[in-house]
Amino acid sequence: MEKDGPPLNDRCSICHANFNVPCQANCSHWFCGHCILQVWDYESALQSCRCPLCRRPIDLLIPTEASVRQRLNPEVGNILGRLESYNLLYGDRSRGFIQRLRDLPFLLRRLIRDLLDPQRSLPLVIKACVYLATFLSAIYLLSPKDVIPEGIVGLIGFIDDLIILLICFLYVAAIYRSVLVFRHEGRGDPSSSRQL
């Protein structure tokens, strides 16, 4: 598999076969696109499905680049179209602060991989926002001026630094989530959307 695919020698935990149109959920688990869409079909018609392994709500299903390149295959194109529909329905929904914290490692890992890989392209505006947020939070963390001074309060004074860092990470993750949701928009077949 490519470096953006599931681990080598891994199998889909739903069908227990080799991956067919592999996609990664926001909980970091990998599934066949068709299998996770079947879970969605049978679990609920009006809400996102839950991961069969960890039971977390799945808001994003990200297919591999290899699968996207096979879009001309009718079966793969149908699955990718349904994945896009799923992401458009549930990708931008806010699940609350705890869900955002749980999605943070997944989104930051993918963002770092996208920033470091010359084969991938992120819009210049997104790159600028990421770099600016990182730069401004680093300046605040290194500056002697703090809302809660470390010298007076001691270890508790680092709380404002951690809060600023967390806000920066959540902001960057929210921007990147929107990129993932709309990355392949417009390439799908409108007739392949989910029929309720």
Side-chain angles (χ1 to χ4, degrees), residues 1-95 99-117 119-122 173 176-196:
M1 283 279 165
E2 293 184 4
K3 56 185 170 179
D4 77 320
L8 283 165
N9 302 321
D10 199 6
R11 294 181 183 269
C12 174
S13 59
I14 298 172
C15 68
H16 303 290
N18 290 331
F19 288 99
N20 182 16
V21 189
C23 60
Q24 188 177 30
N26 58 300
C27 60
S28 297
H29 292 121
W30 287 93
F31 305 102
C32 294
H34 178 70
C35 294
I36 196 64
L37 289 170
Q38 277 188 324
V39 169
W40 180 42
D41 287 339
Y42 292 115
E43 193 171 287
S44 174
L46 301 176
Q47 63 184 0
S48 62
C49 65
R50 292 187 173 273
C51 175
L53 298 173
C54 66
R55 303 305 298 158
R56 281 182 50 197
I58 295 177
D59 297 330
L60 281 174
L61 291 169
I62 310 300
T64 62
E65 291 297 318
S67 297
V68 172
R69 286 192 295 269
Q70 296 177 7
R71 180 177 285 281
L72 295 179
N73 178 331
E75 180 185 340
V76 174
N78 183 30
I79 292 170
L80 291 175
R82 293 200 55 217
L83 289 173
E84 290 166 6
S85 298
Y86 185 93
N87 288 336
L88 288 173
L89 284 171
Y90 305 111
D92 279 341
R93 287 193 180 176
S94 174
R95 295 255 181 212
Q99 183 65 31
R100 289 181 189 184
L101 283 179
R102 292 174 82 182
D103 290 347
L104 195 59
F106 165 76
L107 292 170
L108 290 179
R109 263 194 319 270
R110 289 191 71 96
L111 175 64
I112 290 170
R113 190 179 70 221
D114 278 1
L115 287 173
L116 297 178
D117 188 358
Q119 299 286 332
R120 294 183 176 265
S121 63
L122 283 174
Y176 186 63
R177 174 185 281 273
S178 65
V179 168
L180 288 176
V181 169
F182 295 107
R183 179 172 270 172
H184 306 293
E185 182 184 357
R187 294 190 205 166
D189 178 14
S191 65
S192 66
S193 63
R194 179 184 171 124
Q195 298 173 1
L196 296 176

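Model, not experiment: these values are computed from the prediction.
- Contact record, Cys32 with Phe19: SG-CA, 3.7 Å, taken as the closest heavy-atom pair.
- Shown here for Phe106 and Ala25, the closest heavy-atom pair between the two residues is CE1-O, 3.4 Å.
- In this structure, the separation between CG on Asn78 and CG on Leu37 is 9.0 Å, given to the nearest 0.5 Å.
- When every heavy atom of Arg50 is checked against every heavy atom of Pro57, the shortest pair comes out as NH1-CD, 3.5 Å.
- Here the closest non-hydrogen pair linking Leu80 and Ser67 is CD1-O, 3.4 Å.
- Listed by chain and residue number, Arg11 satisfy the side chain to side chain contact (heavy atoms under 4.5 Å, CB included) test with Asn18 (two or more places apart in sequence, or in another chain).
- Asn87 approaches Asp59 most closely through the heavy-atom pair OD1-O, 4.0 Å.
- Using a 4.5 Å heavy-atom cutoff, the side chains of Tyr42 and Cys49 are not in contact.
- Proximity of Cys15 to His34: side-chain heavy atoms (C-beta onward) are nowhere separated by under 4.5 Å.
- Within a 6.0 Å sphere centred on NE2 of His29, other residues, nucleotides and ligands contribute more than 12 heavy atoms.
- Of all heavy-atom pairs between Cys27 and Arg56, the closest is CA-NH1, 3.7 Å.
- Under the side-chain contact (heavy atoms from CB on, under 4.5 Å) test applied with Leu107, the options Asn26, Ile112, Leu60 reduce to a single match, Leu60.
- With values rounded to the nearest 0.5 angstrom, Cys23 atom SG is found 8.0 Å from Trp30 atom CH2.
- Residues Ile58 and Trp40 have side chains not in contact (no heavy-atom distance under 4.5 Å, counting atoms from C-beta outward).
- Atom CG of Leu104 sits about 10.0 Å away from atom CZ of Arg109, to the nearest 0.5 Å.
- With sequence neighbours excluded, the residues satisfying side chain to side chain contact (heavy atoms under 4.5 Å, CB included) with Pro52 are Ile14, Phe31, Ile36, Val39.
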